[in-house]
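Working notes, structure below.
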Amino acid sequence: MPLYHVERIIQETKERFEDGSHIIYVNGSYKNDDDPVGKLMHDFRCTSSIDMFDDELKNTVKYFKETEGERRQMCKAMEALDVSEEDKERLKKRI
């Protein structure tokens with residue numbers, strides 16, 4: 001299945017738990033090039049932008065991952081997200 005809709009239930013009574021949440025899981029392994037979700041999952045699995053269906057996603061991937069200057073910029077951004085061991089220890093102590 002491309003999508004899985006999850007509803008919360010109260011186990012003891014089997015009644016729906018109406019808390020307003022709506023959970024939808026997208027199956028990343030779903031394959032169907034005739035379906036919008038299938039096309040998107042195909043594009044997410046591509047290692048090269050040239051194989052992608054969606055032009056906007058294709059152009060963005062090409063820009064950030066397939067040009068040398070932008071690849072360096074993306075690497076720097078990802079490195080900035082890396083939390084040092086010292087910071088991790090401080091967070092653990094605070095928690």
Remaining members of the apolar cluster that contains V37, side-chain heavy atoms under 4.5 Å: L3, I24, V26, Y30, L40, M41, F44, M52, L57, V61

Common cluster, F17/V6, ILVMFWY with side-chain heavy-atom separation under 4.5 Å: no

Any donor-acceptor N/O pair, D51 side chain to C46 backbone, under 3.5 Å: no

CD-CD1 distance between E18 and I10, expressed to the nearest 0.5 angstrom: 9.5 Å

Minimum side-chain heavy-atom gap S48-K62 below 4.5 Å: no

Side-chain ion pair, D54 and K39, N-O less than 4.0 Å: no

Min side-chain heavy-atom separation S49-K65 under 4.5 Å: no

Gap separating the CG atom of D35 from the NE2 atom of H42, nearest 0.5 angstrom: 13.5 Å

Distance (rounded to the nearest 0.5 Å) between I50 CD1 and K58 NZ: 7.0 Å

R8 vs D19 side-chain heavy atoms within contact, under 4.5 Å: yes

Inter-residue atom distance N27.CG - N32.CG, 0.5 Å rounding: 11.5 Å

CD-NE2 distance between E7 and H22, expressed to the nearest 0.5 angstrom: 7.0 Å

Any side-chain heavy-atom pair of F53 and D33 under 4.5 Å: yes

Backbone of G28 reached by a side-chain donor or acceptor of R45 within 3.5 Å: yes

